[in-house]
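Structure first, then comments.
Chain letters run A, B, ... following the sequence lines, proteins first, then strands; residues in each count from 1.
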Amino acid sequence: MSETVKLGQKVPEIELTTYEPTTNKFGSFKLSDQVDQKRWTVLFFYPADFTFV
Amino acid sequence: MGCDIITVSTDTEFVHLAWRKSEKELAKVHYPMAADPTGNVSRLFGVYDENTGLALRGTFIINPEGVLVNSEVNFYNLGRNIDESMRKFKANVYMSRKTSEVCPSKWKDEGDKTLTPSEALVGAVHEALQN
């Protein structure tokens with residue numbers, strides 16, 4: 001199983017398919033795009049849709 | 001300083017779409033909702049529960065260099081306090097600009113008391129926090 005990333009470490013490349021509420025389209029998220037654009041990222045994990053975040 | 005919030009669960013993007021459209025509480029949600037059905041990204045951050053296939057309530061702040069600077073993980077049964085998440089985010093942005101300063105526990109926002117570690121601060125934190 002893959003290693004977990006620790007505080008202070010560079011996060012390996014992440015690529016995820018997204019649903020984009022603003023355009024009602026599917027899209028993608030790439031961490032390297034954030035780095036290229038010098039933007040902060042907050043990843044907010046939660047257990048499941050249709051539950052009670 | 002730009003910041004993007006991305007939510008992640010092990011649901012697919014199709015379920016995200018359906019949930020966003022049916023749940024009126026989510027009407028104001030505009031951030032991307034990412035799908036991690038393999039759990040690989042959840043595993044990378046240590047929040048994947050192998051017993052359930054779900055991700056725990058993890059919040060991770062990644063700076064513009066791609067370095068993980070803050071993490072918080074709550075179990076299923078405890079919600080996150082958004083004020084505390086904002087405090088952590090603001091503190092990290094502040095400290096990235098003022099790299100010699102650190103934010104003590106009561107720091108809430110720009111202008112609040114910070115500490116600057118040095119020889120003079122050793123044994124004198126109490127006094128430094130008073131000024």
Side-chain angles (χ1 to χ4, degrees), chain A, chain B residues 1-23 25-26 29-36 40-47 49 52 54-71 73 76 79-80 85 89 92-93 96:
Chain A
M1 207 46 49
S2 52
E3 285 273 297
T4 58
V5 62
K6 307 286 191 315
L7 286 173
Q9 291 179 345
K10 184 144 170 84
V11 180
E13 176 67 308
I14 295 171
E15 273 194 82
L16 289 165
T17 302
T18 60
Y19 166 61
E20 305 281 338
T22 49
T23 55
N24 195 33
K25 295 254 194 287
F26 296 129
S28 63
F29 170 80
K30 263 178 87 173
L31 187 62
S32 55
D33 289 343
Q34 297 292 102
V35 175
D36 288 346
Q37 293 163 33
K38 297 261 169 252
R39 291 182 71 80
W40 289 78
T41 304
V42 176
L43 293 180
F44 190 94
F45 290 85
Y46 62 97
D49 290 351
F50 291 101
T51 58
F52 327 99
V53 192
Chain B
M1 183 72 66
C3 166
D4 298 292
I5 297 172
I6 319 295
T7 64
V8 190
S9 78
T10 54
D11 298 284
T12 64
E13 64 275 26
F14 305 102
V15 182
H16 289 332
L17 184 159
W19 185 39
R20 167 64 166 61
K21 291 208 159 173
S22 72
E23 175 60 68
E25 278 293 304
L26 299 178
V29 165
H30 55 270
Y31 37 72
M33 303 171 76
D36 184 31
N40 286 341
V41 174
S42 303
R43 281 188 191 89
L44 176 64
F45 287 89
V47 294
D49 183 343
T52 61
L54 305 176
L56 299 175
R57 300 179 193 284
T59 310
F60 299 92
I61 303 175
I62 301 169
N63 75 11
E65 287 74 50
V67 173
L68 180 64
V69 294
N70 213 298
S71 76
V73 182
Y76 297 107
R80 275 158 284 196
S85 300
F89 177 71
N92 275 286
V93 172
S96 73

- Message: For B:Thr10, give me all partners under side chain to side chain donor-acceptor pair (under 3.5 Å), at least two apart in sequence or on another chain.
- Response: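 Listed in chain order: nothing, the list is empty.
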
Side chain / backbone / both / neither for [X] at chain A, heavy atoms under 4.5 Å:
X       : value
B:Ile61 : both
B:Val69 : both
B:Asn92 : both
B:Tyr31 : backbone

- Query: Checking A:Ile14 against chain B: side chain, backbone, both or neither under 4.5 Å from a heavy atom?
  - Reply: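 It is the side chain, since no backbone atom gets that close.
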
- Message: Quick check for you: among A:Leu43, A:Thr18, A:Leu16, which has the greatest number of heavy-atom pairs under 4.5 Å with chain B?
- Response: A:Leu43

- Message: Which label fits B:Phe89 and A:Trp40: parallel for a plane angle under 30°, tilted from 30 to 60°, or perpendicular past 60°?
- Response: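 Perpendicular.
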
- Message: Parallel, tilted or perpendicular, judged at 30° and 60°: which one describes the rings of A:Phe50 and B:Trp19?
- Response: tilted

- Query: Out of B:Ser42, B:Ser22, B:Gly46, B:Ser85, which one racks up the most heavy-atom pairs below 4.5 Å with chain A?
  - Reply: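 Going by pairs under 4.5 Å, I would pick B:Ser42.
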
- If you count heavy-atom pairs under 4.5 Å between each of B:Thr12, B:Val8, B:Val47, B:Leu54 and chain A, which one has the most? B:Val8

- Item | Working for side-chain contact (heavy atoms from CB on, under 4.5 Å), residues B:Glu23 and A:Asp49 | CA-CA 10 Å; B:Glu23 175 60 68; A:Asp49 290 351; over 6 Å; no

- Query: Between B:Glu13 and A:Tyr19, what is the shortest heavy-atom contact and its length?
  - Reply: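 Closest pair (atom of B:Glu13, atom of A:Tyr19, distance): O-CB, 3.8 Å.
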
Below 3.5 Å, can you tabulate the donor-acceptor pairs from side chains in residues 25-35 of chain A to any protein atom, sequence neighbours excluded?
from: A:Ser32; atom 1: OG; to: A:Glu13; atom 2: OE2; distance (Å): 2.5
from: A:Gln34; atom 1: NE2; to: A:Thr41; atom 2: OG1; distance (Å): 3.0
from: A:Gln34; atom 1: NE2; to: B:Asp4; atom 2: OD2; distance (Å): 2.9

